[in-house]
**Student:** 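Here's a structure for you.
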Amino acid sequence: MIHNVIKYLEYSAKHRPNHIAICNENMKLTFKELEIEAKKIATRIIEMNRGMTNKPIAVLTDKSPTSVVAFMAIVFSGNYYVPIDISLPMDRILKIVEVLEPSMLISNSKYTKLLDKFQDIPKLISDSQFVSKIDEYKIQSIVKGNIDTNPLYVLFTSGSTGNPKGVVVSHRAVIDYIEWLSETFNFDENTIFGNQAPFYFDNSILDIYLTLKHGSTLVLIPERCFAFPQELISFMYEYKVNTIFWVPSALNVLLRYKLDENQVLPELDKVMFCGEVMPVKVLNYLKRLFPNATYVNMYGPTEITDVCSYYIVDREFEENESLPIGVPCNNTEILVLNEHNQLVEEEEIGELCVRGSSLAHGYYGDWEKTEAVFVQNPLNDKYPEKIYKTGDLVKYNSLGEIIYIGRKDFQIKHLGHRIELGEIEGACISIKGVKECCCVYSHRNKQIRLICSVEDYLSEKEIYKSLMKKIPKYMLPGKIRIVDQLPKTPNGKIHRKRINQEFQSI
Ligand code: AMP
């Protein structure tokens, strides 16, 4: 049994040194090159932080093979990585760095200006020339000393009170996930993953670590392809992609690819998806487009390491039916609990809760939020045992499969991104001149909408401009409406339900 994910890379570098591990349009790295480059940077990290281990190191990253080199370097150095997307507004990057207090920042020479903002944190420019030697002895003693409950990464996700939450995930949780995937599906050195997920999103964990374990190849698909189905298909064809794990919103693009009698991507073997509801309409179209592929609906939040249940599509579905999220993964138990903390009966709706090695440690530096959702298993009063309460409402169908119903809070999925409406409200209320605000989501129009009351001098345009500096692009409202006063409930609270109803019908 392995205790450190780096063993996956070491194995593939030894047995398939010259096989392409990861590539994009501009760059290719073999397993041996990936290992060597990562060890060089690891050596520099060890020198710079005097061998300190188990500390967070932020990687200010875009999506390129060098980001994966940096992640692996951090793992070789005995620390854990925290991907931060360089396209985020500065305000949000600062918030994340403030919570994290990283022991070091890693980036490449393209982003040195951004790094200058952080005066007091040691920085490493990973593509600079001085990184050249490898201290194999130190690296091996660190790898040997690693235990599997050590964090591997922290991924920041939207937080309801305006601050992003950092989910801390261990080596054990990722190994548990990767071993389950390997036992359940047939991946090998001929697998070519077509990556869609950004590295700060948990879906990328499958792509990265299955590639390392099986000596496969990871192809980073350029973001622009996801706007043009023809370009997307051509790219996948050129790079011989045979396995994909995307959010349904990304697959949705393929609805614009015209069906004809010629089979597209005959090599495409697995179409796996996760992160939001997969509309049956999209699935049925894909099945016609790629008739040879196996389709898998995976479900899970970042807090349980990406996936905790799955459904291999084995029958036909009508457009008005829901695709099951299926059954638990190996070594995972799903408890669907009603409001009395009892297991639900068939067709009764309850909250999906998870138990197992895949659970994250909690939220970085936030005990309160951690304790609110990582709680004692209410079915066990004999010894401490945590479950994670997902906030997702589900039920069992007559086949014993889990069916996703919706959320019990104000978290949404918009274009595949997890968003707490409270975070948008938090950003809005912090704008000078905003008195009150409420954010809702129109599922029909797939649009975030913001309603607010403000001082006279503020306009919708100015609110939008201020929001652009505070929250990521994908959180920006599609519509902003200024009103004199927000509707209130009899006890004076913002009448969210009424606002929601009004907005849904527009
Ligand atoms: P994230 O932490 O970004 O992976 O988002 C997790 C949330 O996405 C879950 O709590 C669900 O609300 C939603 N989600 C993930 N997978 C699915 C799925 N297959 N069907 C429906 N919703 C999903």
Side-chain angles (χ1 to χ4, degrees), residues 83 85 153-160 164-169 173-174 177 196-207 244-252 271-283 286 295-313 317 321-329 332 334 336 349-354 358-360 362-364 369 372-374 387-395 397 401-421 423 441 443 446 472 474-475:
D85 178 19
Y153 59 77
V154 176
L155 292 186
F156 274 84
T157 172
S158 180
S160 57
K165 297 182 292 201
V167 183
V168 184
V169 174
V174 172
Y177 178 38
Q196 169 266 322
F199 292 147
Y200 55 85
F201 178 44
D202 62 345
N203 276 8
S204 64
I205 297 304
L206 177 147
D207 294 347
I244 55 175
F245 179 49
W246 297 355
V247 286
S249 292
L251 286 164
N252 193 44
V271 176
M272 304 185 285
F273 35 90
C274 181
E276 58 190 338
V277 173
M278 167 54 109
V280 170
K281 182 177 154 190
V282 179
L283 173 70
L286 293 174
Y295 292 81
V296 191
N297 187 21
M298 315 254 232
Y299 157 88
T302 313
E303 288 85 341
I304 55 78
T305 318
D306 202 18
V307 171
C308 58
S309 79
Y310 70 112
Y311 168 67
I312 301 176
V313 178
F317 287 87
E321 287 179 284
S322 298
L323 199 60
I325 56 170
V327 294
C329 309
T332 296
I334 288 181
V336 183
I349 293 176
E351 181 176 2
L352 191 152
C353 302
V354 188
S358 62
L359 257 60
Y363 301 118
Y364 194 88
K369 285 212 179 84
V373 287
F374 291 88
I387 60 166
Y388 171 67
K389 293 169 63 156
T390 62
D392 286 318
L393 298 173
V394 298
K395 65 176 188 180
N397 67 12
E401 297 159 337
I402 304 170
I403 304 290
Y404 180 83
I405 307 288
R407 293 286 307 171
K408 64 173 217 182
D409 56 13
F410 302 113
Q411 183 181 299
I412 58 153
K413 273 295 170 108
H414 176 54
L415 305 174
H417 295 282
R418 170 169 160 178
I419 300 170
E420 294 283 355
L421 294 176
E423 183 164 355
Y441 189 64
H443 288 276
K446 297 207 177 319
Y474 59 79
M475 285 195 192

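We count residues from 1, following the sequence as given. Every number for a ligand or one of its atoms is a count from 1 in the order of the listing.
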**Student:** Which word best sums up how the rings of Tyr404 and Tyr299 line up, parallel for under 30°, tilted for 30 to 60°, or perpendicular for over 60°?
**Tutor:** tilted

**Student:** Looking at Glu303, Gln411, Glu423, Arg418, which one forms a side-chain hydrogen bond (donor to acceptor under 3.5 Å, both in side chains) with Thr157?
**Tutor:**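 Result: among Glu303, Gln411, Glu423, Arg418, Arg418 is the only option passing the side-chain hydrogen bond (donor to acceptor under 3.5 Å, both in side chains) with Thr157.
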
**Student:** Only one of Asn297, Val307, Leu206 passes side chain to side chain contact (heavy atoms under 4.5 Å, CB included) with Met272; say which it is.
**Tutor:** Leu206

**Student:** Per the side-chain hydrogen bond (donor to acceptor under 3.5 Å, both in side chains) rule, which among Thr305, Asp202, Thr332, Asp306 passes with Tyr177?
**Tutor:** Asp306

**Student:** If you count the atoms of ligand 1 from 1 in the order shown, which ones are under 4.0 Å from a heavy atom of Gly300?
**Tutor:**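 Listed by number with element: 4 (O), 6 (C), 15 (C), 16 (N).
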
**Student:** Side chain, backbone, both or neither: which part of Lys413 has a heavy atom under 4.0 Å from ligand 1?
**Tutor:** side chain

**Student:** How does Tyr299 reach ligand 1, by side chain, by backbone, by both or by neither, if only non-hydrogen atoms under 4.0 Å count?
**Tutor:**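 Both the backbone and the side chain of Tyr299 come within reach of ligand 1.
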
**Student:** Can you tell which part of Met278 has a heavy atom less than 4.0 Å from ligand 1: side chain, backbone, both or neither?
**Tutor:**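 It is neither; nothing of Met278 touches ligand 1.
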
**Student:** Counting only N and O atoms by type, is there a donor-acceptor contact under 3.5 Å from the side chain of Ser158 to the main-chain atoms of Glu420?
**Tutor:** yes

**Student:** May I ask you to list the atoms of ligand 1 that are less than 4.0 angstrom from any heavy atom of Met298?
**Tutor:**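 Taking each heavy atom of Met298 in turn, ligand 1 has 16 (N), 18 (C), 19 (N) under 4.0 Å.
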
**Student:** Could you label the plane-to-plane angle of the Tyr295 and Phe273 rings as parallel, tilted or perpendicular, counting under 30° as parallel and over 60° as perpendicular?
**Tutor:** tilted

**Student:** Atom 6 (C) of ligand 1: which protein heavy atom is closest, and how many Å away?
**Tutor:**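 Minimum-distance protein heavy atom for atom 6 (C) of ligand 1 reads Pro301 CA, 3.4 Å.
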
**Student:** What atoms of ligand 1 come closer than 4.0 angstrom to any heavy atom of Asp202?
**Tutor:** 4 (O)

**Student:** So, regarding Gly275 and ligand 1 (criterion: nitrogen or oxygen to nitrogen or oxygen, under 3.5 Å), is there a contact or not?
**Tutor:** yes

**Student:** Which atoms of ligand 1 are found less than 4.0 Å from any heavy atom of Thr302?
**Tutor:** 1 (P), 2 (O), 3 (O), 4 (O)

**Student:** What protein heavy atom is closest to atom 18 (C) of ligand 1, reported as residue, atom name and distance in Å?
**Tutor:**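 It is Glu276 O, 3.3 Å.
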
**Student:** Which heavy atom of the protein is the closest neighbour of atom 11 (C) of ligand 1, given with residue, atom name and distance?
**Tutor:**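 Ranked first by proximity to atom 11 (C) of ligand 1 is Asp392 OD2, 3.2 Å.
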
**Student:** Under 4.0 Å, heavy atoms only, figure out whether ligand 1 is touched by the backbone of Asn203, its side chain, both or neither.
**Tutor:** neither

**Student:** Number the atoms of ligand 1 from 1 as they appear, then name those within less than 4.0 Å of a heavy atom of Asn297, with their elements.
**Tutor:**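 This gives 19 (N) as the contact atoms.
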
**Student:** Specify whether Phe374 and Tyr388 have parallel, tilted or perpendicular ring planes, treating 30° as the upper limit for parallel and 60° as the lower limit for perpendicular.
**Tutor:** tilted

**Student:** As an exercise, state the distance from CG of Asn252 to CG of Leu283, rounded to the nearest 0.5 Å.
**Tutor:**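 Separation between the atoms: 12.0 Å.
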
**Student:** Closer than 4.0 Å to some heavy atom of Val277 - which atoms of ligand 1 meet that?
**Tutor:**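 Those atoms are 20 (N), 21 (C), 22 (N).
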
**Student:** Short question: side chain of Lys413, backbone of Val277 - any donor-acceptor pair under 3.5 Å?
**Tutor:** no

**Student:** Ignoring angles and geometry beyond distance, decide whether Cys274 reaches within less than 3.5 Å of ligand 1 through its nitrogen or oxygen atoms.
**Tutor:**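 For ligand 1, there is no N or O atom that lies under 3.5 Å from one belonging to Cys274.
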
**Student:** Can you name the atoms of ligand 1, numbered from 1 with element, that are less than 4.0 Å from a heavy atom of Phe201?
**Tutor:**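 Going through ligand 1 atom by atom, the ones under 4.0 Å from Phe201 are 3 (O), 4 (O).
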
**Student:** Look only at the side chain of Glu276 and the backbone of Gly416, and say whether a donor-acceptor pair between them is shorter than 3.5 Å.
**Tutor:**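 Looks like yes, one N/O pair under 3.5 Å.
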
